[in-house]
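Below: one structure, written as structure tokens.
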2 protein chains.
Amino acid sequence: MRHDDLADVNCSVARTWAVVGERWTMLVLRELFRGRRRFEVIQDQLGLGRSVLTDRLRTLVEHGVVVREPYQDSPRRHEYRLTPKGEDLYPLLVAMIRWGDRWSTDGDPPVVLEHRGCGHEVDLRLACPACDRDLGRRDVTAVFAPDAW
Amino acid sequence: MRHDDLADVNCSVARTWAVVGERWTMLVLRELFRGRRRFEVIQDQLGLGRSVLTDRLRTLVEHGVVVREPYQDSPRRHEYRLTPKGEDLYPLLVAMIRWGDRWSTDGDPPVVLEHRGCGHEVDLRLACPACDRDLGRRDVTAVFAPDAW
DNA sequence: CAGTATCCTCGAGGATACTG
DNA sequence: CAGTATCCTCGAGGATACTG
């Protein structure tokens, strides 16, 4: 199965993977969440190939996760910003950061996500909006559609 | 940068990516979370190459995410199960499923995660354990270590 | 600065046959 | 059943030069 074919599969994991699963994509998104919006800044920070960055950004724009907008004329310059669909990837990014922080073996975590002001480390929780209760993994059932992969 | 080099970088996103970022890995984990533990079952379900599955499982074992355990003798057979470190990837999987469900354009979502019994769709929330409050993205500050990438 | 174009290499993964 | 071994192809990404 090719990478692009993942988008056509009836599986939420695979479809999300089709958008964010290519190499560098999550790192590019990390930069965008940090507020970095310029091609050159992101390329400098990550050190990936220029043509790769061009491709990743174009893919993100195609999927509606990022918009490319001019911020000056003559010469025309563009910047990249997250759409609401892109902002909604924040929990996914947080899940990755939290897991990496929790299980990386050596020393201090590279980044801590703090509740602004309060200073405590934020948590990611499974909850039921109806019962207004936190849930564990065993409290959750996955209900598959008949044609789900 | 090669895939394996991501593990050595001081970035929680990159380190997590070093474990789960290869193609098929998240799908293999999905199968394990569904309770499928046999090589043949997973290979049949996903249709990936046998040698690829061998490699992905070995990598997961090396990272301590999965254990390989005998479940019968003569002939010796093994099965794969998540360790606590692996179980802790559940929020990441849920984040992917929720995003895919929310933003995939066509028709019914392939899978819905329900609160067992209650039947409502579960939610993934950012919270502060100290204040016991739900947080939005703007309530969170990322504090980077001096040598963070 | 913000890209695009081109070239090159290496590795990823599919297919298949084989083993205990 | 649960893998390993081998072969082959294609694509991913690095490096570099070029453009407006």
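Proteins come first, then strands; the chains are lettered A, B, ... in the order of their sequence lines, and each starts at number 1.
Of the residues in residues 22-38 of chain A, R23(A), W24(A) come within less than 4.0 Å of DNA chain D through at least one heavy atom, sorted by number.
In the 5' to 3' direction, nucleotides of DNA chain D lying under 4.0 Å from heavy atoms of chain A begin and end at dG13(D) to dG20(D).
Taking 4.0 Å as the cut-off between side-chain N and carboxylate O, D139(A) and R125(A) do not count as a salt-bridged pair. Salt bridge annotation for E79(B)-R77(B): absent, with no cationic side-chain nitrogen under 4.0 angstrom from a carboxylate oxygen.
The six-membered or imidazole ring of F39(A) lies away from that of Y80(A), with a centre-to-centre distance of 6.0 Å or more.
Here the side chain of T16(A) pairs a donor or acceptor atom with the backbone of M96(B) at under 3.5 angstrom. At least one donor-acceptor pair closer than 3.5 Å links the side chain of T59(B) to the backbone N or O of D55(B). With R76(B) contributing its side chain and P70(B) its backbone, the two residues share no donor-acceptor pair below 3.5 Å. Of the possible donor and acceptor atoms, one in the side chain of K85(A) sits under 3.5 Å from a partner among the backbone N and O of H63(A).
Each of E121(B), H120(B), R98(B) was compared with V112(B) under the side-chain contact (heavy atoms from CB on, under 4.5 Å) criterion, and only E121(B) meets it.
Projected onto DNA chain D by closest heavy-atom contact, R77(A) and R56(A) fall at different nucleotides, the more 5' of which corresponds to R56(A). Along DNA chain C, the nucleotide nearest to S51(A) and the one nearest to Y71(A) differ in position, and the one closer to the 5' end is contacted by Y71(A).
Using bins of under 30°, 30° to 60° and over 60° for the plane-to-plane angle, the ring pair W17(B)/W17(A) lands in the parallel bin.
Contact between R116(B) and V140(A) at its shortest, heavy atoms only, is NH2-O, 3.7 Å.
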Dot-bracket notation for DNA chain D, counting Watson-Crick and G-U pairs under 3.5 Å, with | for partners on another strand: ||||||||||||||||||||
